[in-house]
Structure formats: C-alpha cells, structure tokens
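Just below is one structure, and these are the notes that go with it.
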Number of protein chains: 2
Amino acid sequence: MPTSIAVEVLSAVFQVREPDEGPATLHVLLVGADGGESWRLPGGAPGERENLAAAARRHLGSQCGLTRVAHLEQLSVLSDPDRVPVTRTIASSYLGLVPRDVPAEFTGSPEGARAAWFDVDHLPGLIYDHAEVVALGRSRLAGKLSYTNLAFALAPARFAMSELSEIYGAALGYPVDSTNLLRVLSRRGVVVATGTVGRTGRAGGRPPALYTFADDELVVTDEFATLRPPP
Amino acid sequence: MPTSIAVEVLSAVFQVREPDEGPATLHVLLVGADGGESWRLPGGAPGERENLAAAARRHLGSQCGLTRVAHLEQLSVLSDPDRVPVTRTIASSYLGLVPRDVPAEFTGSPEGARAAWFDVDHLPGLIYDHAEVVALGRSRLAGKLSYTNLAFALAPARFAMSELSEIYGAALGYPVDSTNLLRVLSRRGVVVATGTVGRTGRAGGRPPALYTFADDELVVTDEFATLRPPP
DNA sequence: TCAAAAGTGTTCGTAGTACACCCATGT
DNA sequence: ACATGGGTGTACTACGAACACTTTTGA
C-alpha cells in the first residue's frame, strides 16, 4: 500500500497589462499567502470527480474571480519530497493566458480581495517553489510564441498590428517590429484582416486596420524549423 | 481533508533498433500486463523519499533491467477520474531515450522476462491510456529533434554520419539526408568530429569519419526559429 | 501644413535543401 | 578496375530582419 500523497494544482496565469506609466508588460496572477507578506500561485486540491485542468480553472474562479482563461496547458510536475512542509504534496503546474481586454475584477469571490497582478520583472516573495513555476511559464510562453499561434490567448478579439506587436514585445521582453510581424503571421495564416478599421490614436495618425486570429485554440504553425519532411 | 489519490509514474522509453530484416525503426519498451495478452508501460508508485524522475528510473531498472537511460523528461499528467478502475490514480508520464548501442538484456530483474521492445508502428494492445503516452512521446521526440541536440540520447558514443541519419530517419519516420544533416549539426555546434575513422562496410566503400555529440544533456540549439531578439 | 501612426516595398543576409561531383576503400 | 559508400562543393529557394518611403488621419 503506497504512502498517502497529496496532490495539488498550481496555475501561473499571465496577462499583458499596462502599468500606471510606462509600456505594457507581462503580469502574473498571485494570491496572498496566509497572513504574511508572501504570495503564492492560485490553486489547490482537485475534486473527486474532476481532472486537474478543471481543478485549476475552478480554483482560479474561486480564488481570483477569474473565469476568462483563453488557454490552459500543463507545465510541469513538482515532486520533490520536501518541496512543502508536513505533508508530501505533488504539484501539477499549469500555464494560463488571459486576453489583454479582460478587466482585473477580482470580485465575485470572497477570497478575491487577496488576488493581484504583478509585473513578472518585479515579483514579490513567493512561497516554496512557486517562483520556479512562474519562470518556467515565462519561458514556455516565449518559446511557443515563435512557432505557434499562442498569442491568440493574449490578444483581444480584434486588434491593430501595433497592439499585437506590443503584446509580443511584453511577453518576449524585447521589441518586435509590427511590420514584419504582420508579414510572418499572415503568411502562416495565423492572423487575418477583419476589413474594419480602428480609431486613430490620441495624437493623430492613420487609423489602423483590425485583425483577428484565425483560430482560438493552439495550432502549431511552424513545426519543422529544420529537418522538414520531403514535400 | 482531500480524498486519497494514488500517484504513479509511467515511462515511454524509446530506442532505435534493427528488426530481423528491414531498416532500423523506433521501438518502445513495454512490459506484459498481468497474465493476459495486453501490455503496459513500465512504471509504478514513487517511494516515500523519492521524486518522480527517480521513481521512473527505479521502476525501469526493476521491471526491465534497464539502467542506461540517457535522457528522461516529463511528458504529461493523466488525471481523468476514470482513467483506471477502482482507485483514482494520477499518472505522471515520462519520455526516456536509450542509445542505439545499449543491448536489450532484460536480465538482472525477476520481472525482466516480461519486458520487450516493440516497433512503434506495430504496437500490441496497451492498457488504459498508455497508448496516448506513447503517441505523445513520439511527437515530443520528433519535435525536439529539429531544434535541440536530443539525438545525443539515441546515438552511440561515436558514430558515422550515415548512422546518425538512420537514427533521425527512424525517429522522424522519413528519410534524412546525411550530407545536410552534418552541415546543420556542425554549424550549430551539436556534433564534432573525433578525428577517428570507422570500419568500412561489408560491401566496400570509403571508411566513415566518426563524430560525437558535443553535449550529453539537452541543449536548445535553435530556440528562436523566428521572432528572434535583436543582436 | 505638420506631426504621428500605419502600411508598403525593397534589399539583404542566411539557413536549409537538392544534387552533382570527387574521394577512399575492398574485392 | 570497379562497385560501394563517404564527403565536398555549389546553386537554388525561402524566410526573416532591417529600413526607407508612402499613406492617412488629427490638430
């Protein structure tokens, strides 16, 4: 008979957000850890009749009032025997993405008041190994942005290419040329023009054409960067 | 108090092997499932003071007599409440790779006699969701072969480029030109010449130069196929 | 009419592929 | 010598990056 092991899910949920000043940056959703000044990732134990992805979504709803998660995928399993004190607990971590136009609103849950978005480059102290999960989530996100359509889960329903390039820039940590981004993503069929145009900015300028992602689920668009199969 | 949940590890371990006739193909390691004609992936419960990767290695040793696993990485978590009967069991699956020059020898373990390698294109019936894990392992392997040095874990210590191209071909499922493979892998610094030459084949021919992988652990060699950071 | 932002076109570098041709060995 | 496989060289293609130039709006 195997020793009893507790299982929990942890979600590293990212969103591109505008700080009070300065350019938009990548943020991660955290909840206050009991009483003190440290923070933790949202998550908890799965229910009896629930798989882990459903558990992750449920905890995001109850702990943060967040229901509009556009993408959720497995990240890793944390299984070190001493990763948390007292009870041996194995954590299954998830990467979640929220579109830019989803408002913060942590209301709707009693615990919501204790949730907040943090700039990924200025994180508070995180308990246990939760910082590892955030770091892994960031690198997974950056990697997949370049060979999949994953940005669909960070972008609003319709967007100007300059806005999309801001989103890529925030998620990757370096500027992305909106001109070439359009070319790459249209060639791959990732984004399509809607035919509509947006409002011009506060300081004048030509009004932008609006685009959409062709799919609203993950599609690998550039599977074989090299060693591709013969045509 | 959360419901008791069992945890197990499952390993999909691959090796490129020569069948009795025909070209080398990718094989996966299976063990006979209790009594009947179906098969399962090696694995089982983790020990009290053991993380899951260690548990996976231990079960491979005891169930298959296999100790020389050159690479082991997490694949996925299977958490459907009804994936196995009776006890709710969450499985953490691993991808393992064994170099081509490691012999079969399932001896050294009492259960070893029940282990065998199967061509991935001619699998027997697998219990529960184990076939999913094999399929996921194959696609993960194929993907990473093109942008990492992962083939180090499938190739022998020294090899001719034609042999390496056989290995790539078996793992990918389509032929890979050995000429260009050398160019791509040397430019990236993945393989280096040893300066030695091998024996010429049975039917004559120029003796091949022998190469080695520069690293014996996973290195991402082509992280940004596109959207690369400015230099 | 000028500034600001969007979009188009052009050039350039480079990685990957295909394939012809040359080299070294055993029989 | 010649067949057999290994290795080198070269040309072609395509994609991505950089950047100049044109277009469209608001003030």
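Letters go in sequence order (proteins before strands), and every chain restarts at 1. This is a predicted model, so every value here is computed, not measured. Computation of the quantities below employed the complete heavy-atom set of this structure, encompassing side-chain atoms and omitting hydrogens, waters and symmetry-equivalent molecules.
Positionally, the nearest nucleotide of DNA chain C for A:Leu210 lies more toward the 5' end than for the other of A:Leu210 and B:Asp177. Along DNA chain D, the nucleotide closest to B:Leu227 and the one closest to B:Asn180 are compared, and the more 5′ of them pairs with B:Asn180.
In this entry the distance linking CE of B:Met161 with P of C:dC23 reads 21 Å, nearest Å. Counting to the nearest Å, the C1' atom of D:dG16 and the CG atom of A:Leu145 are 17 Å from each other. Between A:Leu185 atom CG and D:dA17 atom C1' there is a gap of 14 Å when expressed in whole angstrom units. Rounded to a whole Å, the CZ atom of A:Arg206 is 8 Å from the P atom of D:dT25. Atom CG in A:Leu182 sits about 15 Å away from atom P in D:dC15, given to the nearest Å. Nucleotide C:dA6 holds its P atom 13 Å from the CZ atom of A:Arg199, rounded to whole Å. A:Glu166 places its CD atom 14 Å from the C1' atom of C:dA6, with the value rounded to the nearest Å. If you measure from atom CG of B:Leu172 to atom P of C:dG16, you get 15 Å, rounded to the nearest angstrom.
Here A:Lys144 contributes atom NZ and A:Leu95 contributes atom CG; the two are 8.0 Å apart, rounded to the nearest 0.5 Å.
Listed pair B:Arg187 / C:dG16 meets the phosphate criterion, a side-chain N or O lying under 4.0 Å from OP1 or OP2. Between A:Arg188 and D:dG16, a side-chain N or O to OP1/OP2 separation shorter than 4.0 Å is present. Contact annotation: A:Ser162 side-chain N/O to C:dA6 OP1/OP2 distance is under 4.0 Å.
Across all strands, A:Arg183 comes closer than 4.0 Å to base atoms (heavy-atom distances). Among the atoms of the strands shown, none is found under 4.0 Å from any heavy atom of A:Ala160. Residue contacts shown for A:Ser178 are absent, as no nucleic acid heavy atom lies under 4.0 Å away.
Two rings, from A:Tyr168 and A:Tyr174, have their centers 6.0 Å or more apart. The aromatic ring centres of B:Phe159 and B:Phe213 sit less than 6.0 Å apart.
Ion pairing between a basic and an acidic side chain is recognised when a charged N comes within 4.0 Å of a carboxylate O; A:Arg138 and A:Asp121 show such pairing.
When each of C:dG16, D:dG7, C:dG7 is scored by its nearest atom to the side-chain atoms of A:Tyr211, the top-ranked nucleotide is C:dG7. Relative to the side chain of A:Thr179, the nucleotides D:dG16, C:dG7, D:dG5 differ in distance, and C:dG7 lies closest. Nearest to the side chain of B:Asp222, among D:dG16, C:dG16, C:dA6, sits C:dG16.
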- prompt: Between A:Glu223 and A:Arg228, is a salt bridge (charged side-chain N to carboxylate O under 4.0 Å, His left out) present by the stated rule, with each step listed?
  reply: CA-CA 8 Å; A:Glu223 187 172 10; A:Arg228 29 174 115 41; over 6 Å; no
